[in-house]
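Here is the structure we will look at.
A, B, ... follow the sequence lines: proteins, then strands. Residue 1 opens every chain.
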2 protein chains.
Amino acid sequence: MNQSGRNINPHISVDCVIFGFSTNQLKVLLIRRAFTESSGKHINDHKLPGDFITLNEDLDLAASRTLEELTGLKDIYLQQFIFLGKPDRISNPMDIEWLNATTGHKIQRVVTAAYFSLINITDTNSAFAIKNNATWIDVKQVPNLAFDHGTIICTGLAHLQLALRNEPIGFELLPEKFTIRELQTLYEVILDCTLDNRNFRKKILKSSYLVQLEEKQRGVAHKPAYYYSFDRKIYEKHKKESLGFNF
Amino acid sequence: MNQSGRNINPHISVDCVIFGFSTNQLKVLLIRRAFTESSGKHINDHKLPGDFITLNEDLDLAASRTLEELTGLKDIYLQQFIFLGKPDRISNPMDIEWLNATTGHKIQRVVTAAYFSLINITDTNSAFAIKNNATWIDVKQVPNLAFDHGTIICTGLAHLQLALRNEPIGFELLPEKFTIRELQTLYEVILDCTLDNRNFRKKILKSSYLVQLEEKQRGVAHKPAYYYSFDRKIYEKHKKESLGFNF
């Protein structure tokens with residue numbers, strides 16, 4: 001892990017909060033940090049995929065590069081959501097020792113640009129080369145993390161929830177045709193709440209961009225439900241004409 | 001202007017995009033940059049209120065401190081909206097010379113955290129000590145600016161417009177009681193578009209948090225319109241129960 005001599009900018013880092021949706025669970029991608037302190041104490045905790053930027057590297061590129069290097073995940077859309085710069089955000093002696101040892105620099109203050117993304121684990125998981133001990137962990141069971149990465153995940157989750165309410169990002173995590181129940185479960189899992197079935201149905205069916213298909217579920221024990229699909233063209237047209245106000 | 005010896009972190013800066021609304025215009029607060037280059041050429045252009053952070057300063061505090069030092073504006077709510085770190089964002093020799101001269105540091109690469117705010121100029125302007133040649137300029141008439149500050153304003157405007165569609169920030173720029181026409185004008189000015197009167201009325205009146213008062217306009221040439229007020233309590237309750245989906 002010692003990367004001494006790398007041309008990093010030791011003042012600025014990037015961290016990636018990658019949320020994954022799989023079998024009705026919201027997960028986050030973490031990297032295992034194994035390290036033996038000078039005191040002999042062995043550290044074995046988790047951190048977010050992240051790194052210092054190199055001397056002439058754009059922040060967005062640094063985030064993509066880091067994510068790929070640490071997890072094998074490529075071509076993931078990453079959205080910057082916060083920049084953290086509290087002077088004491090790196091104050092745990094263990095974190096400082098780890099940084100100095102792995103970078104070969106004497107690290108003092110680091111400001112970090114945090115990025116987030118949301119991907120469907122079930123669809124694409126098999127294609128990911130999850131290297132470097134990267135693991136998906138249920139957001140409800142995130143252990144104590146290195147640095148302030150726990151806080152970064154909490155803030156990232158708030159951003160994800162806000163985005164889910166204001167943008168049609170949820171549909172990207174469902175198959176092309178889905179039932180209203182499946183859509184509701186997705187919202188319930190990400191927003192971490194129980195929604196009233198009737199109100200959800202009523203609200204979501206009012207939107208012109210949700211199209212009812214002729215096909216129904218087959219082979220289910222209950223009354224088969226209709227499938228729906230999300231029509232992005234209708235959505236784009238609606239959005240152009242929409243004023244918002246859904247405060 | 002030479003501040004040699006200040007304990008700044010020469011890698012990280014903050015910039016503030018302060019939008020002001022006044023007599024149906026959207027303006028932005030700029031600082032005049034007067035400087036004579038070593039070549040003898042005199043520079044007299046504008047920049048955003050901004051500065052390097054000091055060694056042990058939090059980013060948010062640096063933004064507030066800078067804004068107050070340069071404009072006298074105090075206790076303004078500032079929201080971080082982007083972090084810019086392209087390696088070549090400071091490449092104009094004039095900008096580099098100005099930075100070196102005013103900071104006493106050899107400035108190389110600077111990443112900047114950009115903040116925005118929206119204030120009502122008419123209500124509070126008289127209380128502001130606009131120092132240091134700070135001026136309000138119509139966003140449609142922003143001249144060429146120092147650094148990439150023109151880009152920062154454009155991005156800030158996009159964030160403001162998105163916020164206006166998704167949050168009730170517009171009401172803070174109006175008097176306590178206002179007509180639907182006044183509200184529509186506010187939206188038209190900030191979104192830079194013409195809205196259909198009937199659709200706007202219909203949409204805005206559907207919201208439970210807009211309360212019609214008994215009072216009507218007086219002494220107007222046209223048919224007097226009812227006044228309305230924004231009820232934040234109803235809004236907060238609605239928001240708690242709201243699912244969003246106004247994609």
Side chain, backbone, both or neither of B:Leu61 within contact of chain A (heavy atoms, under 4.5 Å):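 Nothing of B:Leu61, per the 4.5 Å heavy-atom cut-off to chain A.
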
Expected output: side-chain B:Arg89 to main-chain B:Phe147 donor-acceptor under 3.5 Å: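 A pair under 3.5 Å: no.
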
Check: A:Tyr77 main-chain N/O paired with A:Ser117 side-chain donor or acceptor under 3.5 Å: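 Checked: pair present.
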
B:Asn197 side chain to B:Gln184 side chain, donor-acceptor N/O pair below 3.5 angstrom: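 The criterion, which ignores hydrogens and geometry beyond distance, is satisfied for B:Gln184 and B:Asn197.
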
Between A:Phe178 and A:Tyr228, ring centroids under 6.0 Å: no

Positions in residues 11-20 of chain B that reach chain A, provided some heavy atom is under 4.5 Å away: B:His11, B:Ile12

Aromatic plane relationship, B:His159 with B:Phe81 - under 30° parallel, 30 to 60° tilted, over 60° perpendicular: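 It falls in the tilted class, 30° to 60°.
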
A:Asn24 side chain near A:Glu188 side chain, heavy-atom distance below 4.5 Å: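 With C-beta onward as the side chain, the pair stays apart.
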
More than 12 heavy atoms from other groups under 6.0 Å of NZ on A:Lys86: no

Residue part contacting chain B, namely of A:Leu55, when any heavy atom lies under 4.5 Å: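 Backbone only.
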
